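Below is one structure, written out as structure tokens; the observations come after it.
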Amino acid sequence: MNTYISLNEVLVLAQKALDCHLKQVPRKKILFQGIVNTGETLTLCSPQSKMHPQGFYWVDITEEQARVLNETDTGILFFRLEGRNLLMIKWTDLKQYLTDACVRYNANEQYHWKLNIYKDHIKISGNANEMPVELM
């Protein structure tokens, strides 16, 4: 049994909740876009997290994902967490924590931010501030 909610399951849930058809952004595996009934654009990003041995989830948000999310009217992230859990966050709430000082670089993700997801907050590596969240 898969311990993660699949990307397809997230799409089905999101499309029903948002009353919006979402299409995959070309060449972007976890980014989807649609237009809501108000005519505004919506972008969904749904990365799958990994469980860190120290007991928190971690995920990277790439500079390219941030660029796409910044170019839409509404950006939503659905983090797929182990145990078939989801954490939904508005892009506008998260991006204020993704400062230039926190950017990391490696050959795979290029420029990116490392997010550590706990039950009650998200900690971005390099940022002393924490974003409060509530895992369901």
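Note that these values count all heavy atoms, side chains included, but never hydrogens, waters or copies made by symmetry. Everything quoted here is computed from the prediction, not taken from an experiment.
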Checklist entry - Just wondering, do Val133 and Leu87 contact through their side chains at under 4.5 Å, heavy atoms? => result yes
Next on the checklist: Is there a side-chain contact between Glu82 and Tyr57 in this structure, where contact means two heavy atoms from C-beta onward sitting under 4.5 Å apart?
Outcome noted: yes
Checklist entry - Does the side chain of Phe32 come within less than 4.5 Å of Val25's, by heavy atoms? => result no
Next on the checklist: Determine whether Leu115 and Leu94 satisfy the following criterion, side chain to side chain contact (heavy atoms under 4.5 Å, CB included), listing intermediate values before the conclusion.
Outcome noted: CA-CA 10 Å; Leu115 282 66; Leu94 177 63; 3.9 Å; yes
Next on the checklist: Using a 3.5 Å distance criterion without hydrogens, assess whether the side chain of Asn127 forms a donor-acceptor pair with backbone atoms of Cys102.
Outcome noted: no
Checklist entry - Is a donor on one side and an acceptor on the other found under 3.5 Å between the side chain of Asn85 and the backbone of Leu81? => result no
Next on the checklist: What I want to find out is whether Glu134 reaches Lys119 closely enough, with some N-O distance under 4.0 Å, to be called a salt bridge.
Outcome noted: no
Next on the checklist: Using the rule that Ile, Leu, Val, Met, Phe, Trp and Tyr join whenever any side-chain heavy atoms are under 4.5 Å apart, tell me whether Ile61 and Ile89 fall into a single cluster.
Outcome noted: yes
Checklist entry - Should Tyr118 and Trp58 be regarded as members of a common hydrophobic cluster, given that ILVMFWY residues are connected when their side-chain heavy atoms come within less than 4.5 Å of each other, either directly or indirectly? => result yes
Next on the checklist: Has Glu109 got a side-chain atom pairing as donor or acceptor with Asn106's backbone, closer than 3.5 angstrom?
Outcome noted: no
Checklist entry - Judged by atom type as modelled, is there a donor-acceptor pair below 3.5 Å linking the side chain of Trp113 to the main-chain atoms of Thr99? => result yes
Next on the checklist: Out of the candidates Leu77, Leu31, Ile30, Val10, only one should pair with Leu44 under the side chain to side chain contact (heavy atoms under 4.5 Å, CB included) rule; please name it.
Outcome noted: Val10
Checklist entry - Is Glu71 salt-bridged to Arg67, cutoff N-O under 4.0 Å? => result yes
Next on the checklist: Using the rule given for salt bridge (charged side-chain N to carboxylate O under 4.0 Å, His left out), can you reason through Arg80 versus Glu9, listing the C-alpha separation, both sets of side-chain angles and the distance that settles it, and then say yes or no?
Outcome noted: CA-CA 10 Å; Arg80 295 178 285 137; Glu9 288 175 286; over 6 Å; no
Item to check | Transitive ILVMFWY side-chain link Ile76 to Ile35, under 4.5 Å | outcome: no
Checklist entry - Taking Gln24 for the side chain and Lys28 for the main chain, is one N or O donor matched with an acceptor at less than 3.5 Å? => result yes
Item to check | Transitive ILVMFWY side-chain link Phe79 to Met131, under 4.5 Å | outcome: yes
Item to check | Shared hydrophobic cluster for Val12 and Leu22 (ILVMFWY, side-chain gaps under 4.5 Å) | outcome: no
Next on the checklist: So, taking the atom named CG in Leu13 and the one named OG in Ser46, what distance separates them when rounded to the nearest 0.5 Å?
Outcome noted: 10.0 Å
Checklist entry - Taking Thr62 for the side chain and His112 for the main chain, is one N or O donor matched with an acceptor at less than 3.5 Å? => result no
Next on the checklist: Contact between Val59 and Gln48 at the side-chain level, heavy atoms closer than 4.5 Å - yes or no?
Outcome noted: no
Next on the checklist: So for atom CG, which belongs to Asp100, do other residues, nucleotides or ligands contribute more than 12 heavy atoms lying within a distance under 6.0 Å?
Outcome noted: no
Checklist entry - If you measure from OG1 on Thr41 to CD on Gln33, what distance do you get to the nearest 0.5 Å? => result 7.0 Å
Item to check | Spacing of NZ belonging to Lys50 relative to CD1 belonging to Ile117, to within rounding of 0.5 Å | outcome: 12.0 Å
Checklist entry - Are Gln110 and Tyr105 close enough that some pair of their side-chain heavy atoms sits under 4.5 Å apart? => result yes
Checklist entry - Does the side chain of Phe56 come within less than 4.5 Å of Ile122's, by heavy atoms? => result no
Checklist entry - When rounded to the nearest 0.5 angstrom, what is the spacing between CG in Asn129 and NE2 in His121? => result 11.5 Å
Checklist entry - Do Cys45 and Phe78 come within less than 4.5 Å of each other through their side chains, counting heavy atoms only? => result no
Next on the checklist: With side chain to side chain contact (heavy atoms under 4.5 Å, CB included) as the criterion, how do Glu63 and Gln65 come out once you've worked through the C-alpha distance, each side chain's angles and the decisive distance to 0.1 Å?
Outcome noted: CA-CA 5 Å; Glu63 190 176 59; Gln65 292 164 345; over 6 Å; no
Checklist entry - Can you tell me if Thr3 uses its side chain to pair, donor with acceptor, with the backbone of Gly83 under 3.5 Å? => result no
Checklist outcome for this item: Test side-chain hydrogen bond (donor to acceptor under 3.5 Å, both in side chains), reference Thr43, set Thr74, Asp73, Thr72, output is Thr72
Checklist entry - Does some side-chain heavy atom of Asn116 sit less than 4.5 Å from a side-chain heavy atom of His52? => result no
